[in-house]
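Within every chain, numbering begins at 1; the chains are lettered A, B, ... in the order of the sequence lines, protein sequences first and strands thereafter. Computed over heavy atoms, backbone and side chain alike; hydrogens, waters and symmetry mates excluded.
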Amino acid sequence: MENKPCPSDTIKVRFAPSPTGYLHIGGARTALFNWLFARHHKGTFILRIEDTDRERSEDRFWKQILEDLEWLGLNWDEGPIFQYDRKDIYDRYAQQLIQEEKAYHCFCAPKQIQDKSYNQKCPCGQIQPDQAKSKIAAGEAASIRFRTPHEGNTEFKDLVRKRVSFDNKEIDDFIIIRSNGQPTYNLSVTIDDALNEITHVIRGDDHISNTPKQIMLYQALNFQIPQFVHIPMIMGPDNTRLSKRHGATAVGEYRKKGYLPQAMINYLALLGWAYNDRQTIFSLPELIEKFSLQKVSKKAAIFDPQKMEWMNGKYIRKINDEEFISHALPYLSHAGLISEDLLQEPTQDIKQIVLSVRDRMKLFSDLPELVNFFFTKKIRYTEEAHEKIFSQPNNLPMLKELHQRLERLETFDEEAIDTIFQELIKERGLKLGDLIHPVRSAVSGKTTGPGIFLMLVLLGKDRVLERLENIFRHTHIKAVKIKKDE
RNA sequence: GGCGCUAUGGUCUAGUGGUUAGGACGGGUGAUUCUCAGUCAUCAAACCGGGGUUCGACUCCCCGUAGCGCUGCCA
């Protein structure tokens, strides 16, 4: 129900991370919802870095956050705006509040505040302004507290929920300027959201309890109150706030593992939002078109890495060959399987090799292990492969026979190889699998992989013959067997 | 403890005052006369509890319970 239509071109939202860590799954999802909302309404999406905590903020973090957002494709229209650069602005408003006696200096030492009810009762609120002024002139350290109204209640309409209401006497006289002069979150976020003319504050619902404080500030400062939208949090499998101990949570880690940004976007969009009961895969334009805050869930969602991996596999198969190959090749060169100068102009062989295992990948980082035997001179045999080769005493003569026939082959293509296999099994009274499995194991060292005929063609006649020969000539390959597939 | 938010299969969710409560991941089974994967088909699996309101509640209201969040000179 949209009773009051917002003129599309006036919508303005922001993503405001603090540079105290990497961009994580939850932050990325918040950024995404803001971005989708902005793009859907042809509004403005701005990026703000909330670096008022000087102790914990680091340059490397905001730099990385920007990089990760760019990788995800969440481009911003304004910013990044750094709050640290805007200290004067916050000071000015804080002074205004002092002037109007809506805030007061607090001379309590930080440690003094042990008692939970202390903030509410801070005696500094009683100090006369003149007296406070002289204490400051005398060099006493002071923070600034906002004088909260202790009667009535503060409520707001959240776009995702109904009406949220707080009793004002529950809300303490909170600090707005630290004794080191830096503003705190509640002050800086309020001033910036107001000054940047943010129309919709879309953020995690861990901020619900901060909202009444900010509303009080909007009112005290005479700012127009924006629309609040609190989206549910993302939890780990144990239903606690998602954190490092749940494994990879940083967007950058997923990038390294070989996730496609569009897969992450698609998965993240579905964490707390759904369009209907039939569609799971959404292109970016579709997400922009179909996204709406009305359909955002109220319930915290548990992050499921398995489903995201599935989603990535879907996208790996969805993108076109060119795109797939250009994403894939760097993983081969990083693994030392191909040289870097092949990245720009890969050979047809390399392209086909990579394409041959596409359906078997969920992550690009899976690739090297899937194709390494195409590139290394010496292959390693898994235990299973070793078993497949030597379990049947007839296998060795069979492989030898195959070797001879393949050797005579003029055109080494799938069709010709197929014919030879068919002939051989017929003569020996075998099933196709009886031949194929030992051969695959012999030439690749693995029991799984692409179809055997394609695999042989891609390996090339010489290497196939060499590896078969290696088996029936030197049965000591046992020595190089490794533990498991993968 | 106080305050706030939330509650549909294991997970992400759709949905309605009367439905066989739908889809996706994961799991099971089968097909794809070579594996794995992929694809397709198929199966199992849910409305937190108690009171109301109502002819009828998973759906609306209240209470309870549980989970989470806030309760910082963090954001």
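At a threshold of 4.0 Å, the pair A/Lys362-A/Glu309 does not count as salt-bridged, since none of the basic side-chain nitrogens sits closer than that to a carboxylate oxygen.
The base of B/A75 has none of its N or O atoms less than 3.5 Å from a complementary donor or acceptor on the side chain of A/Asn186. Side chain A/Ser179 to base B/C73: a donor-acceptor pair is found below 3.5 Å. A/Arg440 contributes a side-chain N or O that forms a donor-acceptor pair with the base of B/C34 under 3.5 Å. A donor and an acceptor atom sit less than 3.5 Å apart, one in the side chain of A/Lys307 and one in the base of B/A24. The base of B/C5 lies outside donor-acceptor range of the side chain of A/Arg161, with no N or O pair under 3.5 Å.
Of all nucleotides listed (B/A75, B/C68, B/G67), B/G67 comes nearest to the side chain of A/Asn239. The A/Glu50 side chain lies nearest to B/A75 when the options are B/A75, B/G4, B/G26. Listed candidates were B/C73, B/C12, B/C70. Nearest to the side chain of A/Ser209 is B/C70.
Cation-pi contact between A/Lys257 and A/Tyr254: present, with separation from the ring centre below 6.0 Å and deviation from the ring axis of at most 45°.
Whole-Å rounding puts the A/Glu309 CD to B/A37 P distance at 13 Å. Going from atom CZ of A/Arg29 over to atom P of B/C12 covers 12 Å, rounded to whole Å. Atom CD1 in A/Ile231 sits roughly 15 Å away from atom P in B/U6 (whole-Å rounding).
Taking side-chain N and O atoms only, A/Arg178 has a distance below 4.0 Å to OP1 or OP2 of B/A75.
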Discussion item. As a quick check of understanding, evaluate side-chain hydrogen bond (donor to acceptor under 3.5 Å, both in side chains) for A/Gln95 and A/Asp91, giving each step before the final call.
Written reply: CA-CA 6 Å; A/Gln95 285 311 318; A/Asp91 278 343; over 6 Å; no
